[in-house]
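Hydrogens, waters and symmetry mates are skipped; everything else that's a heavy atom, side chains included, is used. Small disclaimer: the values here were computed from a predicted structure and weren't measured. For ligands, and for the atoms within them, numbers begin at 1 and follow the listed sequence.
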Amino acid sequence: MPADEYELSLARNEPCWCGSGRKYKKCHLAQDERLAELARAGYQVPPRKIIKNETQIDGIRRSCQLSKEILDMVDSRIGVGVETQQIDQWVHEYTLSRGAIPAPLNYGGFPRSCCTSINNVVCHGIPDQTRLRDGDIVNVDVTCILDGYYGDVSRMYLIGDPSPLARELVRVARECLYKGIEQVRPFQRIGDIAYAIEQHAKRHGFSVVQEYGGHGIGLEFHEDPFVHHYGEKDTGMVLVPNMVFTIEPMINAGSYECKRLEDGWTAVTADNSLSAQWEHTVRVTEVGVEILSE
Ligand code: MF3
Ligand code: CO
Ligand code: CO
């Protein structure tokens, strides 16, 4: 990110670049000065184009809330014997009935409206005729486009009576998501999220997938920044208010390594161990974090 984007280019009384209609001096001036200084000192700072305005935040929040509602609907129907393509059909129909579009459908050629990732599947499982069986753990990942805005959320479901290990993995993966979310506040850094997640996973003897991560989101499905779920504190991009991104750690019971199946999408653990993932879309607020998809 070029430091010069934050070097003062607007006069104090001009309208702010963010489109708020407020004078620059009453809006982003102080933050820009701070970011310019950080950029000069070598920190990675967010480009302006990934900082959302109030109109965009409202739209993204509505889209996230719809995605959450869709998972609530799935909650009430999922169980032993359900085919993953039935889940896809519920998601597809519910999304359209609310005037939205399922973002996964045709995204880079993805053939369905949501992802369903069972047991050793890390992410991007394609709904098909597979029936959920007693003891399975499954992630359902839903992303809506509502009025042009994206909202992304996923949950794990326990089908029937999974093993103690499977249950623990699902619980720890969820805790990892919330440990990551706890790190989100202005001028904290992306690596702090990663570090908190990795430490929690390791404490329980689990590993963190490296190949896939969270992502900026809102006007597109996948925007900058890439959100690592493993790594070091005090590294990576500085966070500022109204950045919106997902945190979606994939936690494996065995090795962190993944491989991709012939279908070009389905990621599975290299050692066939279990994998679990939870996801939220979050916004950096003036003082901390808002979970848009909760
Ligand atoms: N929803 C996934 C994510 O959290 C992305 C799915 S891309 C798809 O980023 F094409 F597989 F749907
Ligand atoms: Co998702
Ligand atoms: Co996502």
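In Thr246, neither the side chain nor the backbone holds a heavy atom less than 4.0 Å from any atom of ligand 1. Counting heavy atoms under 4.0 Å from ligand 1, residue Cys115 touches it through the side chain alone.
Aromatic ring pairs are classed by plane angle as parallel below 30°, tilted from 30° to 60° and perpendicular above 60°; the pair Phe110 and Trp265 is perpendicular. Taking the six-membered ring for Trp and thresholds of 30 and 60 degrees, His228 and Tyr230 have ring planes more than 60 degrees apart, a perpendicular arrangement. Note: Tyr178 and His280 have perpendicular aromatic rings, judged against thresholds of 30 and 60 degrees for the angle between ring planes.
Heavy-atom distances between Arg112 and ligand 1 stay at or above 4.0 Å for every pair. A heavy-atom separation below 4.0 Å is not found between Tyr212 and ligand 1.
Taking the Co ion (ligand 3) as the corner point, the angle from His215 atom NE2 to Asp152 atom OD2 is about 90° (rounded to 10 degrees).
Residue Lys179 holds its NZ atom at 13.5 Å from CD1 of Ile247, rounded to the nearest 0.5 Å.
Using a cut-off of 4.0 Å between Lys/Arg side-chain N and Asp/Glu carboxylate O, Arg98 and Glu69 are scored as salt-bridged. Remark: Asp58 does not engage Arg62 in a salt bridge, criterion side-chain N to carboxylate O under 4.0 Å. Checked for salt-bridge contact, Arg48 and Asp32 meet the test: a charged N lies under 4.0 Å from a carboxylate O.
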(request) Would you check, one step at a time, whether the test salt bridge (Lys or Arg N to Asp or Glu O under 4.0 Å) holds for Arg185 with Asp192? (result) CA-CA 10 Å; Arg185 55 185 170 274; Asp192 299 320; over 6 Å; no

(message) What verdict does the salt bridge (Lys or Arg N to Asp or Glu O under 4.0 Å) test give for Arg112 and Asp128, after you've listed the backbone C-alpha separation in whole Å, the side-chain angles of each residue and the deciding distance to 0.1 Å?
(response) CA-CA 9 Å; Arg112 298 285 183 173; Asp128 62 10; over 6 Å; no

(request) Before giving the answer on salt bridge (Lys or Arg N to Asp or Glu O under 4.0 Å), spell out for Glu223 and Lys49 the whole-Å C-alpha distance, their side-chain angles and the decisive distance to 0.1 Å. (result) CA-CA 10 Å; Glu223 303 176 358; Lys49 68 171 191 294; over 6 Å; no

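Residue His124 approaches ligand 1 through these ligand atoms, each under 4.0 Å from one of its heavy atoms: 5 (C), 6 (C), 11 (F). Here is the list of ligand 1 atoms found below 4.0 Å of a heavy atom in Thr143: 1 (N). Close approach of ligand 1 to Pro104 (heavy-atom distance below 4.0 Å) involves ligand atoms 12 (F).
Atom OE1 is the N/O/S atom of Glu279 found closest to the Co ion (ligand 2). The Co ion (ligand 2) lies closest to atom OD1 when only the N/O/S atoms of Asp141 are considered. Checked against the Co ion (ligand 3), the N, O or S atom of Glu248 at the shortest distance is OE2.
Here the protein heavy atom with the shortest distance to atom 1 (N) of ligand 1 is Asp141 OD1, 3.0 Å. Looking only at protein heavy atoms, the nearest one to atom 4 (O) of ligand 1 is Glu248 OE1, 2.8 Å. Closest to atom 3 (C) of ligand 1, if we only count protein heavy atoms, is Asp152 OD2, 3.4 Å.
Checking only distances, His222 does come within under 3.5 Å of ligand 1, N or O to N or O. The shortest N/O to N/O separation between Tyr107 and ligand 1 does not fall below 3.5 Å. Residue-to-ligand polar distances keep Trp265 apart from ligand 1: every N/O pair is separated by 3.5 Å or more.
Note that Arg61 lies outside the cation-pi zone of Tyr149, set by a 6.0 Å cut-off to the ring centre and a 45° limit from the axis.
With 2.8 Å as the limit, His222 does not count as an N, O or S neighbour of the Co ion (ligand 3).
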